[in-house]
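Read the numbers this way: they start at 1 and go in the same order the structure lists the ligands and their atoms.
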Amino acid sequence: MAKNRRFSRRNVLKYSALGGAIVGGGYAANRYFNAPEQADVISALPLPIPPLMTGTKIEGKTIYNLTAQKGVSSFVKDQDTQTFGYNGNYLGPTISMQKGDDVALNVTNNLGEPTTVHWHGIHLPAKMDGGPHQTIASGETWQPEFKMQNEAATYFYHSHMMHKTDEQVYKGLAGMLIVHDSQSSLDLPDVYGVDDFPLIVQDKDFSANGDMNYSAAIEGVKGNTILANGANMPELEAPAQFVRLRLLNASNARMYNFGFSDNRSFHQIASDGGLLAKPVEMTRLLLSPAERGEILVDLSGQENTRLRLVSYSNEIANLTPFWAKDALDRKAFDILSISVGPSLPIATKQIPENLAIINQLSEQSASVTRQFELKMGLFSGSMTINGLEMDIDRIDHTVKLGDIEIWEISNPADLAHPFHIHDIQFQILARDGNPPPENERGWKDVVLVKKGETVRVIAQFNDFADPETPFMFHCHILEHEDNGMMGQFLVV
Ligand SMILES: [Cu+2]
């Protein structure tokens, strides 16, 4: 039986020491005492746009080739950084799939260590999910196949290697997956890299010698250098018209409270698993790890102006306890700059009034309600759901195929945990008994459960029964997932 990897003794003990430090009032100095020499990070590059991989149609199937490999990247001036990537040095291509297509992937592992590739948010058979049970040994190729049934939206693929997800994703094993719907007649910006931009947002810590520092910590690993598509504070040249930004929080633990430097409003049009019913106007969008949000920004008539995409992290109260906050959690910081160029002949002229019809699942139709309590032991380092740490040989729940279920996720007294369920897209019924905000009323596969909160979600478990291979549910702070805040369910 696999034993969960623990946080290093040092990383747990630091919180034991903290108890005394609070009384003594000397905590802040202690926390930053070992700060390494600041790395000279390369910035102000053009925003890298990951190549779009549309696959090759062979005998009715669309085939994609993905290789997880070691790479060398440049983040720090005159220094090399050892990284991981898919088909490249760092991150991976943006995989483009069509709703309704039969897809097949050849996933080759050249990392020199085992890995998995999980299709986050995609509804598919458990054996094709790329979770901890679908390990790809070093040198092997895994060949999942499935029909793409998801709604058009922005998804995510990443390592889900048991006990190594945190480190492998941190080193670069993450990419965007976009599902398109050829039936859609909506006029939305949809030309990749032209008026429709992928934005993979992450935070890293670099040493002066270029090393990417990774050392698991109980609050999750946060870095002081922000990367967008693998570049620090890059510049996006965008046309003077409506543009779509596909925001993916691919960080291990950091939350972002997105907004623009001029405080302009924008419209969220999609959540994790599809378009919202209507565009939602906002000035801030909070995304926790693995959440996605597609937004439309109106740059019409603004040629030759500049603005910045910012995380107003200082405005998010009550999500992160003081001991888990780093310097960036206490301020507003830039993610990228946008310089507005000429408009293009193709342009979305106005935002559609309606985007999608979302079939609301009713509470009365649910056959089962399950409870999930997320807990972390500050001093023991234990990470549990309903008092249990992940055990790959234990099935925690068995769901009947076709059933609609309500899952109640509660977080008694910790930092906020982003809870992710594999296989399905869910709808949020309530946060502490209150209806969710408008932008959380669409399809979701991650929900942030705040301190002291109980979130009720509802989902239907269709199509894929398998009495042997489970799906996962877990906290998407990757250090929490890897240290036990994960469980398994079968659909039968
Ligand atoms: Cu967590």
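- Remark: the backbone N or O of Ser362 is not paired with any side-chain donor or acceptor of Gln427 at under 3.5 angstrom.
- No side-chain donor-acceptor contact under 3.5 Å links Asp272 to the backbone of Glu291.
- Distances from the Cu ion (ligand 1) to the N/O/S atoms of His417 are shortest for ND1.
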(request) Please report the C-alpha distance between Glu167 and Lys164 in whole Å, then the side-chain angles of each, then the deciding distance to 0.1 Å, and finally whether the salt bridge (charged side-chain N to carboxylate O under 4.0 Å, His left out) criterion is met. (result) CA-CA 5 Å; Glu167 194 172 345; Lys164 294 289 277 185; 3.5 Å; yes

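- For the Cu ion (ligand 1), the N/O/S atoms of Cys475 include one lying under 2.8 Å.
- At least one donor-acceptor pair under 3.5 Å links the side chain of Gln168 to the backbone N or O of Pro114.
- Atom ND1 is the N, O or S atom of His480 at the shortest distance from the Cu ion (ligand 1).
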